[in-house]
Amino acid sequence: MSQILTQKFFNRQTEKVARELLGKFLVRRYRGKTTARMITEVEVYDGFNDKASHAARGPTKRNAPMFGPAGHWYIYFTYGMHWMLNIVTREAGYPAAVLIRGVQGANGPARLTRFFKIDKKLNGLPATKESGLWVEDRRVRVQSAYIKKGPRMGVGYAGPYWARRRLRLRIV
DNA sequence: TAAGTGATCTCT
DNA sequence: GAGATCACTTAA
């Protein structure tokens with residue numbers, strides 16, 4: 001039995017969503033084939049004040065989905081070759097998202113997007129079957145003892161406070 | 001440890 | 001319009 005996560009799931013506190021996303025399944029339907037992998041690692045980017053977030057300096061063309069409603073994808077291109085996948089949380093107007101950094105068999109945010117054939121075509125689309133990329137609850141329970149929190153990767157530019165906050169969660 | 005790679009952002 | 005930056009990966 002599996003259940004597709006709806007907007008309601010994502011329209012909550014970002015840290016809570018991130019915590020509960022661990023153990024859920026990222027599901028991709030692409031050219032007639034469906035692939036699913038369990039989410040194993042995520043990072044929180046929450047609010048206007050988070051200096052590590054793209055939203056820290058207000059809305060731009062790129063980060064627009066972060067300011068939109070929950071349950072939509074925010075996908076951006078970086079380092080000239082990598083796509084990053086985020087799911088938007090919280091209500092419209094409040095910029096927040098969870099970066100999906102790893103699934104079983106594809107560790108690393110850019111590896112996972114390559115694995116699932118994810119690019120800008122999905123940016124801004126909702127996490128539903130219609131868009132071809134969504135998240136399912138397949139009743140896997142991840143106990144807190146198996147979740148490790150640590151500082152987010154590659155955000156040293158955000159200053160010590162925001163760089164050190166333990167907003168990266170992964171299953172160990 | 002460092003190179004690769006190009007869109008996006010922030011100034012001029 | 002130019003220059004810097006970048007929520008990374010790979011190969012060494």
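Chain naming here is simple, since letters A, B, ... match the order of the sequence lines and numbering starts at 1 in each.
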Pair assignment for DNA chain C - dot-bracket with | for other-strand partners, Watson-Crick or G-U under 3.5 Å
||||||.||||.
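Atom pair A:Asn63:CG and B:dA7:P shows a separation of 18 Å (rounding to whole Å applied). Following rounding to the nearest Å, A:Ile118 (CD1) and C:dC8 (C1') show an atom-to-atom distance of 15 Å. Taking atom CZ on A:Arg57 and atom C1' on C:dA4, their separation rounds to 11 Å, with Å as the unit. Put simply, CG on A:Asn86 is 11 Å from P on C:dA7, counting in whole angstrom units. Rounded to whole angstrom, the span from the NE2 atom of A:His54 across to the P atom of C:dC6 amounts to 9 Å. The distance between atom NE2 of A:His82 and atom C1' of C:dC6, rounded to the nearest whole Å, is 11 Å. In this entry the distance linking CE of A:Met153 with C1' of C:dC6 reads 14 Å, nearest Å. In this structure, A:Met84 atom CE and C:dT9 atom C1' are separated by 9 Å, rounded to whole Å.
Taking a cutoff of 4.0 Å between a charged side-chain nitrogen and a carboxylate oxygen, A:Arg152 and A:Asp50 qualify as a salt bridge.
In this pair, A:Tyr45 lays its aromatic ring flat on the base of C:dA7, centres within 5.5 Å and planes under 30 degrees apart.
Residue contacts shown for A:Tyr79 include a base, since a base heavy atom lies under 4.0 Å away. Contacts of A:Ala52 with the nucleic acid, taken as non-hydrogen atoms under 4.0 Å apart, include base atoms.
You'll find that the side chain of A:Arg62 is closest to B:dT8, out of C:dC8, B:dT8, C:dT10. Closest approach to the A:Met81 side chain among C:dA7, B:dG4, C:dT9 is made by B:dG4 (side chain taken as heavy atoms from C-beta onward). Nearest nucleotide to the A:Lys61 side chain, out of B:dC9, C:dC8, C:dA7: B:dC9.
The hydrophobic cluster around A:Leu167 extends to A:Val44, counting ILVMFWY residues whose side-chain heavy atoms fall within less than 4.5 Å of a member.
In this structure the side chain of A:Leu133 reaches within 4.5 angstrom of the side chain of A:Leu26, judged on heavy atoms. In this structure, A:Phe10 and A:Leu21 have side chains that are in contact, with non-hydrogen atoms separated by less than 4.5 Å. Residues A:His82 and A:Met84 form a side-chain contact, since some pair of their non-hydrogen atoms from C-beta on lies under 4.5 Å apart.
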Could you give me the CA-CA distance, side-chain angles and deciding distance for A:Phe9 and A:Asp137, then say whether side chain to side chain contact (heavy atoms under 4.5 Å, CB included) is met?
CA-CA 11 Å; A:Phe9 175 91; A:Asp137 182 353; over 6 Å; no
Which is it for A:Met38 and A:Ile171 under the side chain to side chain contact (heavy atoms under 4.5 Å, CB included) test, yes or no, and what are the steps along the way?
CA-CA 10 Å; A:Met38 193 177 80; A:Ile171 300 176; 3.9 Å; yes
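Between A:Pro109 and A:Thr78, the residue whose closest nucleotide on DNA chain C is further toward the 5' end is A:Thr78.
At the phosphate of B:dC9, OP1 or OP2 sits under 4.0 Å from a side-chain N or O atom of A:Thr60. Close to C:dA7, at under 4.0 Å from its OP1 or OP2, lies a side-chain N or O of A:Tyr157. For A:Arg114 and C:dC8, the shortest distance from a side-chain N or O to OP1 or OP2 is not below 4.0 Å.
Side chain of A:Ser131 to main chain of A:Leu125: no donor-acceptor pair is present (N/O by atom type, distance under 3.5 Å, no hydrogens or angles).
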